[in-house]
Protein chains: 2
Amino acid sequence: MPEANHKPTINDVARVAGVSKKTVSRVINRSPLLKPETRTKVEDVIASLGYRPNMQARALAMGRNFLLGLLHDNPNAQTVLNFQFGVLDAIRDTEFALVVRPVDRRSPRMLDDIRSFLEVQRLYGVLILPPISENDDLANLCREMGCGYVRMGSAQLDDDEHLVQSNDRECVENVIDHLVEQGHRRIAIIQGPEGFRSAQERWEGFSAAMHRHGLDVPADAIARGNYRFDSGIAAAEKLLEGSFRPTAIFASNDEMAAGAFHMARSRGIDVPSELSIVGFDDSPIAAHIWPPMTTVGWPIREMAKAAALKLIDPSEAEAKQSIFPARLVRRSSVAPPQRD
Amino acid sequence: MPEANHKPTINDVARVAGVSKKTVSRVINRSPLLKPETRTKVEDVIASLGYRPNMQARALAMGRNFLLGLLHDNPNAQTVLNFQFGVLDAIRDTEFALVVRPVDRRSPRMLDDIRSFLEVQRLYGVLILPPISENDDLANLCREMGCGYVRMGSAQLDDDEHLVQSNDRECVENVIDHLVEQGHRRIAIIQGPEGFRSAQERWEGFSAAMHRHGLDVPADAIARGNYRFDSGIAAAEKLLEGSFRPTAIFASNDEMAAGAFHMARSRGIDVPSELSIVGFDDSPIAAHIWPPMTTVGWPIREMAKAAALKLIDPSEAEAKQSIFPARLVRRSSVAPPQRD
DNA sequence: TTGTAGGCGTTATCAT
DNA sequence: ATGATAACGCCTACAA
C-alpha cells in the first residue's frame with residue numbers, strides 16, 4: 001500500500017494496478033501498443049491515487065525539459081504580452097510552461113548568452129519574435145543545439161515547420177489603396193529602422209502600391225524612424241517641413257504614428273481634416289489617442305498559439321496555416337484631403 | 001579520461017580532480033566546509049572541462065526547480081513587461097529562469113489551476129503582481145505547497161520577507177497638493193475598481209489630502225472606473241455632466257486618464273486650460289497622448305528586481321528596502337484653473 | 001503486449 | 001574535511 005503521506009510515484013501506480021512501471025510509463029506517454037483494458041485500468045488507478053508524473057524526473061531521463069522559451073527583443077510591450085497569451089492558449093492543460101528571455105540584439109555576446117541559456121535549461125523549443133527572429137545565426141544555433149524553434153516573421157524566413165508569418169507587404173498595399181480611394185495623392189511614409197525585415201516589407205508594400213497607382217514617391221516623402229515614439233515625431237517634422245506637403249502619412253508602426261499625431265497637434269494641424277495618418281500594429285495606443293487611429297491589426301495571439309503548437313504537437317500543427325493575414329482597422333484618422 | 005564527445009558530468013570533474021563527486025557537489029553548492037585548496041582545485045577542473053551542472057538532475061534530487069514564476073492578472077502590458085525585465089535583472093548570470101503564468105482572477109478554478117501548476121513545475125518561488133497579489137488565499141496556497149513567494153502591492157499585505165511595496169497613498173496626496181498649489185479647488189476623482197487594494201489606497205490618499213486642504217468631495221466629484229480606457233471615458237462623462245464642474249480630475253490610472261482626455265476632446269474641452277488631468281502609473285501612453293500627461297511613476301523594474309532577489313538570495317535582500325517610493329512626473333496636462 | 005535491468009546526473013546520509 | 005552508497009522518479013533497450 002502506498003504511503004499516505006507521500007505523493008504517489010510511478011511505482012505506487014504500478015503496484016496498485018498490478019503492472020510494471022514501464023506499463024504505467026507507456027500510459028503516460030500514450031504509447032499505442034497497449035491493450036485498451038490495461039490502459040483504462042492504469043488510468044483508473046492514476047486518477048484514484050491522484051498521481052502526477054514528476055516533470056523533473058522526466059526531464060532528466062529524456063534530456064529535455066517541458067519548457068517553451070520565448071526569445072524576444074521587441075520594443076512593443078503589447079505585442080510581447082499578446083504573444084505570451086497566445087502561447088499560453090496553446091499550452092493550457094498541458095504539462096508545458098513558458099519561460100521568457102528578453103535578449104539584447106546589440107550585445108556582441110547575445111548568441112553566447114542564448115547558447116548558455118539553452119544549454120542550461122534544455123528547453124523543449126523556443127519561439128522567436130521579431131526582430132531577432134530574422135537572425136539566421138540564431139536559428140542555426142537552435143538547430144545545432146537540438147532545440148526546436150519557430151520563428152515569427154513578416155517574410156519567408158524559414159521553412160514552414162519553423163515559421164509563422166504575417167503578410168505585412170500586402171496589408172500596406174491595402175492601406176495605400178484605402179488612402180487613394182479617399183482621394184489622397186501625396187502620401188508620405190515613415191519607415192521603420194534599417195535592418196528590420198518588417199520595415200523593409202512595409203516599405204515595399206508602400207512602394208509597390210504607390211507605383212501601381214502611378215503616384216510619385218520623391219525623397220521628401222520618405223522619412224526613417226526606429227519604431228519608437230520620438231522618432232515618429234522627428235520623422236513627421238521632416239515630412240511636414242519638406243516641399244512634398246503630404247496630405248496623408250503612413251507610419252510603419254503605431255508608436256511612430258502616435259509621434260506623428262503629436263507633431264501635427266503641436267503645429268496646429270488637424271487630424272484627419274488637414275492630415276490623414278495610418279499606423280501599423282493596432283496596439284492599444286491606436287485606439288486611445290485622439291482621434292482614434294486607423295491602422296493595421298494582425299492576429300498575434302493566434303500566431304503565437306500556432307507557433308507553440310508547431311513545437312509541441314507538430315502533427316496537429318502542420319495541417320494549419322502558417323501565414324496569418326492582417327487586416328485594415330478603420331477608425332477616424334483618415335479623411336479625404338482638403339482641396340488646395 | 002572523459003569522453004571527448006560528451007558533455008562533462010560531475011563524475012568527469014571528480015575523476016579528473018581526484019576527488020569524490022560529493023566534493024564537487026559541495027563546490028557547486030558553495031558548502032562552507034571545504035578546504036580552500038580543494039575548492040580551487042575543483043574549480044580549476046570545472047573551468048578547464050567547461051562543466052555545467054545539469055539543472056534537470058539537480059531539480060530531481062532537490063525536489064525543486066530553478067525556476068521563478070510570475071503570476072499575474074494585470075491589464076497593463078507595460079507594467080507586466082517591465083516587471084519581467086526587473087526579474088531578469090535579478091537572475092542574470094544565475095542558473096534561474098523566469099516562467100510566466102497569466103491567470104484569470106474571475107475564474108472559480110483559479111486557485112486549483114495555480115495549485116496544479118505549482119505541483120507540476122515545482123517552482124523555486126513565485127512573484128505575484130497586483131491585483132491577485134492581494135489575494136491571501138493564494139499566498140496561503142504557496143505556503144502550504146512549500147513554494148516561496150513575494151507579493152507586490154500598494155499596502156502592507158504581508159510581512160517584509162514576502163512583500164515589495166509602493167506608497168500609492170502618499171503619492172496621490174502629493175498629486176492633490178500639486179493641484180491645489182496650482183489653484184484648483186474643485187478636484188474630482190476617477191476611482192479604480194472595487195476590491196482592488198491599489199484603488200482603495202489611491203482613493204484614501206485623495207480623500208485625506210482633500211480633507212487636509214479643507215476641500216469638499218461631494219458625490220458628484222466621484223466616479224468609479226475599472227482601470228480600463230473605456231471606463232475612463234464613461235467616468236469622465238459623468239463627472240463633466242454633474243453639477244460639481246471640476247477644474248481638475250485625478251484618475252486612478254493612466255488608461256482611465258487617457259479616457260478622460262478622450263472625453264474632454266470629444267466635448268471640445270481643452271486640456272489643460274479648461275480641465276487639468278492627472279493619471280497614475282507613468283505608462284507609455286501618458287507620454288504619448290496630447291498634451292503629455294502629468295502622472296505618478298513608480299519604479300516597477302527595481303521593485304521586481306528586489307522581489308526576485310528576496311526569493312533567490314534572501315540574505316542579500318533582507319538588508320534592502322521593501323518600500324519603493326513613487327514620484328510625481330510633471331508634464332503638460334496640469335495648468336491653473338480658469339477663473340469663473 | 002508487457003516486464004526486467006540499467007542509466008540519466010545530481011544530492012543526502014552517514015560514515016571515516 | 002571528504003567519500004561510498006543509496007536515493008530521486010522516470011525512460012530506453014532489450015528480453016519474453
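To find a chain, count down the sequence lines: A is the first, B the second, and so on, and within it residues start at 1. Values in this document were obtained by computation on a predicted structure and should not be read as measured data.
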Exercise for review: Verify the contact: side-chain N or O of A/S20 to OP1 or OP2 of C/dT4, cut-off strictly under 4.0 Å; return yes or no.
Suggested key: no
Practice item. Could you tell me the separation between the CD1 atom of A/I46 and the C1' atom of D/dC10, rounded to a whole number of Å? Key: 13 Å
Practice item. Answer yes or no: does a side-chain N or O of B/N54 lie under 4.0 Å from OP1 or OP2 of C/dC8? Key: no
**Study point:** Side-chain touch A/Q56/A/L60, heavy atoms, less than 4.5 angstrom
**Key:** no
Point to revise | N/O (side chain, A/R58) to phosphate O (OP1/OP2, D/dC11) under 4.0 Å | key: yes
Exercise for review: Step by step, work out the side chain to side chain donor-acceptor pair (under 3.5 Å) result for A/K21 and A/T9.
Suggested key: CA-CA 10 Å; A/K21 58 191 209 174; A/T9 73; over 6 Å; no
Review point. Quick one: does A/D44's side chain have a donor or acceptor within less than 3.5 Å of a partner on A/K41's backbone?
Key: no
Exercise for review: Could you tell me the separation between the CE atom of B/M55 and the P atom of C/dC8, rounded to a whole number of Å?
Suggested key: 19 Å
Practice item. Considering only NZ, NE, NH1 and NH2 on the basic side and carboxylate oxygens on the acidic side, decide whether B/D136 and B/R143 come within less than 4.0 Å. Key: no
**Study point:** side-chain N/O A/T38 vs C/dT2 OP1/OP2, d < 4.0 Å
**Key:** yes
Review point. Which whole-number value in Å describes the distance from B/Q121 CD to D/dG9 P?
Key: 17 Å
Exercise for review: For D/dT12, take OP1 and OP2 only and decide whether either is under 4.0 Å from a side-chain N or O of A/S25.
Suggested key: no
**Study point:** Short side-chain N/O contact from B/N11 to OP1 or OP2 of C/dG9, under 4.0 Å
**Key:** no
Practice item. Starting from P on D/dG3, measure out to CD1 on B/I10 and report it in whole angstrom. Key: 12 Å
Review point. Charged N to carboxylate O below 4.0 Å: is that the case for A/K305 and A/D89?
Key: no
Check your understanding: Quick one: do the A/S133 and A/R197 side chains pair a donor with an acceptor below 3.5 Å?
Key -> no
Practice item. Describe the nucleic acid contact of A/K35 in one word from base, sugar-phosphate, nothing, applying a heavy-atom distance below 4.0 Å. Key: sugar-phosphate
Point to revise | Atom pair distance, as rounded to whole Å: CG in A/N29 and C1' in C/dT2 | key: 15 Å
Check your understanding: Atom NZ of B/K7 and atom P of C/dG7: how far apart are they, to the nearest Å?
Key -> 21 Å
Check your understanding: For B/L60 and D/dC11, what is the distance between atoms CG and P respectively, to the nearest whole Å?
Key -> 12 Å
Practice item. Please give the angle, rounded to 10 degrees, between the axes at the start and the end of the helix from C/dT1-D/dA16 to C/dT16-D/dA1, where five pairs define each axis. Key: 30°
Check your understanding: Are any of A/T9's side-chain N or O atoms less than 4.0 Å away from OP1 or OP2 of D/dC8?
Key -> no
**Study point:** Residue B/R26, side-chain heavy atoms: nucleotide from D/dG9, D/dG3, C/dT10 that is nearest
**Key:** D/dG3
Point to revise | Between A/T79 and A/N76: side-chain donor-acceptor atoms closer than 3.5 Å | key: yes
Point to revise | Minimum-distance nucleotide (side-chain atoms of B/K21 versus D/dG9, C/dT2, C/dT10) | key: C/dT10
Revision key, fill the gap. Atom CD of B/E119 and atom P of D/dG9 are separated, to the nearest Å, by 14 Å
Exercise for review: For A/E144 and A/R115, run salt bridge (Lys or Arg N to Asp or Glu O under 4.0 Å): C-alpha distance rounded to whole Å, both residues' side-chain angles, the deciding distance at 0.1 Å, then the answer.
Suggested key: CA-CA 10 Å; A/E144 174 195 328; A/R115 172 191 299 275; 3.1 Å; yes
Review point. Heavy atoms under 4.0 Å, any strand shown: does A/L34 hit a base, just sugar-phosphate, or nothing?
Key: sugar-phosphate
Practice item. When you get a sec, tell me which of D/dG3, C/dG9, C/dG3 is the closest nucleotide to the side chain of B/K22? Key: D/dG3
Review point. For the side chain of B/V19, counting heavy atoms from C-beta on, which of D/dG3, C/dG3, C/dT10 is nearest?
Key: D/dG3
